Amino acid sequence: MTVDSQLIEKGLDAKFLETNRLQRIAEKYRLQGFEVVIEPSKSLIPFDLGNYCPDLIARKGLDEGYIIELKNSIAKVSVDRYREIAEIVAQHHGWRFLLITGEDISSDDPKDDSELLTWEQMLQRQEQAQKFLAIGEVEVAFLYLWGILEAAMRRQARQVAIPIERFPANSLINHLYSQGELSMEQFDQVRVIQTVRDRLVHGYQMSKLDEPTKQLQVLVNELIVMWKI
């Protein structure tokens with residue numbers, strides 16, 4: 001097989017995977033009672049998005065639905081461009097813009113999209129983490145607090161119409177920093193704490209976990225106060 005034919009085959013495979021995934025996403029939305037249009041024409045888009053045409057529209061009635069863009073890889077995503085679109089969509093009550101990629105932490109099920117922890121639930125989990133700390137369960141408290149931190153970052157991304165809430169933690173953190181939602185100091189803190197978290201979840205022993213846990217606790221408190229509306 002020539003290099004050209006290999007590239008063509010890879011391109012066809014990528015296109016097939018993208019089309020197949022789009023069909024699966026569409027079917028999941030249909031099963032939730034949505035009317036779905038794949039690759040809609042501009043006349044079917046419920047409001048003006050300029051020259052942009054999404055990969056899929058899922059709607060219920062006239063005032064509820066999703067404008068959906070599908071990308072195989074986060075590397076192909078221009079967050080600045082899609083944030084502009086997300087901001088326009090967010091101006092229309094009941095409508096959301098979703099950017100779905102092959103690296104998403106969420107499934108393609110629309111129900112998953114609304115199940116981020118609320119700010120109130122995060123505060124409740126903070127109290128639970130404090131109880132674990134009080135009885136010496138530092139590792140459990142750390143992992144609880146990391147979960148709250150991720151939830152807060154994803155909630156904030158949605159709140160300010162940056163369509164990255166489904167991204168893996170690394171990309172989520174990078175884009176929140178580049179979009180000005182995390183300061184340089186906060187970004188550095190998250191990165192250091194993430195290194196500790198990664199070692200924990202991959203089975204490494206951490207003998208000095210008290211200090212990172214305290215730092216994480218302070219950071220979680222700071223971000224919730226800053227972001228909670």
Side-chain angles (χ1 to χ4, degrees), residues 14-32 34-42 44-60 63-118 149-182 187 190 194 223 227:
K15 184 63 177 177
F16 173 79
L17 289 172
E18 184 175 337
T19 301
N20 182 263
R21 192 152 188 257
L22 193 59
Q23 292 289 348
R24 287 190 288 110
I25 292 169
E27 184 59 24
K28 286 185 177 181
Y29 277 82
R30 289 189 185 103
L31 291 173
Q32 294 297 323
F34 288 85
E35 177 187 352
V36 177
V37 180
I38 295 175
E39 297 181 348
S41 63
K42 283 189 178 182
L44 295 177
I45 300 174
F47 31 80
D48 184 15
L49 293 177
N51 293 323
Y52 171 71
C53 287
D55 289 316
L56 185 148
I57 292 178
R59 67 187 304 166
K60 284 184 180 178
D63 56 0
E64 179 184 356
Y66 296 93
I67 304 293
I68 299 172
E69 179 75 16
L70 177 65
K71 292 292 183 186
N72 285 331
S73 173
I74 290 173
K76 298 180 179 180
V77 170
S78 170
V79 169
D80 286 331
R81 177 177 182 240
Y82 291 123
R83 183 175 187 179
E84 292 178 6
I85 297 165
E87 287 172 346
I88 296 172
V89 175
Q91 293 171 10
H92 299 269
H93 181 71
W95 284 86
R96 290 267 319 283
F97 176 74
L98 286 184
L99 180 57
I100 299 176
T101 77
E103 291 104 324
D104 280 2
I105 51 91
S106 302
S107 75
D108 302 327
D109 193 320
K111 288 195 293 186
D112 286 340
D113 180 60
S114 60
E115 290 178 357
L116 281 174
L117 292 177
T118 64
L149 175 62
E150 274 207 40
M153 291 190 293
R154 297 184 192 286
R155 174 64 64 181
Q156 177 64 5
R158 176 187 295 186
Q159 195 163 263
V160 295
I162 309 174
I164 58 172
E165 69 219 50
R166 304 164 65 95
F167 284 15
N170 275 333
S171 295
L172 176 70
I173 294 164
N174 288 338
H175 285 302
L176 283 176
Y177 172 61
S178 69
Q179 294 290 319
E181 298 302 319
L182 290 171
F187 174 76
V190 174
Q194 186 186 23
L223 291 177
W227 288 339

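Source: prediction; values computed, not measured.
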Smallest separation among heavy atoms of Ala86 and Ala161, with atom names | CB-O, 3.5 Å

Any residue meeting ring-ring contact (aromatic ring centres under 6.0 Å, His included) with Tyr52, in chain and number order, not counting sequence neighbours | none

Under the side chain to side chain contact (heavy atoms under 4.5 Å, CB included) rule, collect the residues that match up with Ser178, sequence neighbours excluded.
-> His175

Sequence neighbours excluded, the answer for salt bridge (Lys or Arg N to Asp or Glu O under 4.0 Å) partners of Arg81 is none

Find the distance between CD (Gln156) and CG (Leu182) and round it off to the nearest 0.5 Å.
-> 9.0 Å

So which heavy atom on Arg21 is nearest to which on Lys71, and how close?
-> NH1-O, 4.4 Å

Side chains of Asn170 and Gln194: closer than 4.5 Å at any heavy-atom pair?
-> yes

Are any side-chain N or O atoms of Arg155 and backbone N or O atoms of Trp227, one a donor and one an acceptor, separated by less than 3.5 Å?
-> no

Taking C-beta and beyond as the side chain, do Val77 and Phe167 meet within less than 4.5 Å on heavy atoms?
-> yes

Aromatic rings Phe187 and Tyr177: how do their planes relate, parallel, tilted or perpendicular, breaks at 30° and 60°?
-> parallel

Results of side chain to side chain donor-acceptor pair (under 3.5 Å) for Asn174 - residues two or more places apart only | Arg191

Which residues share a side chain to side chain contact (heavy atoms under 4.5 Å, CB included) with Ile88, sequence neighbours left out = Leu49

For Gln23, what residues pass the side chain to side chain donor-acceptor pair (under 3.5 Å) criterion, not counting sequence neighbours?
-> none

Distance (rounded to the nearest 0.5 Å) between Leu176 CG and Glu181 CD = 6.5 Å

Does the side chain of Tyr29 reach to within under 4.5 Å of the side chain of Ile57, using non-hydrogen atoms?
-> no

Considering residues, nucleotides and ligands other than Glu64, do more than 12 of their heavy atoms fall under 6.0 Å from its CD?
-> yes

Tell me, do Arg96 and Ile67 make a side-chain contact under 4.5 Å, heavy atoms counted?
-> no

Salt bridge (Lys or Arg N to Asp or Glu O under 4.0 Å) filter on Glu27, not counting sequence neighbours, yields Arg30

So, do Ile173 and Met153 sit near enough that their side-chain heavy atoms are less than 4.5 Å apart?
-> yes

With side chains defined as the heavy atoms from C-beta onward, is the minimum distance between Leu70 and Leu99 less than 4.5 Å?
-> no

When rounded to the nearest 0.5 angstrom, what is the spacing between CD in Gln159 and CG in Leu116?
-> 11.0 Å

If you take all heavy atoms of Ala58 and Leu56, which pair is closest and at what distance?
-> N-CD2, 3.9 Å

Residues at least two apart in sequence or cross-chain that pass side chain to side chain donor-acceptor pair (under 3.5 Å) with Ser41, listed by chain then number, are Ser43

Are Phe97 and Tyr66 an aromatic pair by the rule of ring centers under 6.0 Å?
-> no

CZ of Arg166 to CD1 of Ile164, rounded to nearest 0.5 Å, is 13.0 Å

Per the side chain to side chain contact (heavy atoms under 4.5 Å, CB included) rule, which among Leu98, Ile45, Ile38, Ile68 passes with Pro54?
-> Ile45

For residues 85-94, pull every pair meeting salt bridge (Lys or Arg N to Asp or Glu O under 4.0 Å), keeping only residues two or more places apart or in separate chains.
-> Arg83-Glu87

Can you name the salt bridge (Lys or Arg N to Asp or Glu O under 4.0 Å) partners of Arg59, sequence neighbours left out?
-> none

Heavy-atom donor-acceptor pair, Asp55 side chain to Glu39 backbone, under 3.5 Å = no

Residues that Glu84 engages under salt bridge (Lys or Arg N to Asp or Glu O under 4.0 Å), provided they are two or more places apart = none

Would you check if Leu172 and Arg154 make a side-chain contact, meaning some heavy-atom pair closer than 4.5 Å?
-> yes

Apply side chain to side chain donor-acceptor pair (under 3.5 Å) to Asp48 and list each qualifying residue two or more places apart in sequence or on a separate chain.
-> none

CG of Asn20 to CD1 of Ile25, rounded to nearest 0.5 Å, is 10.0 Å

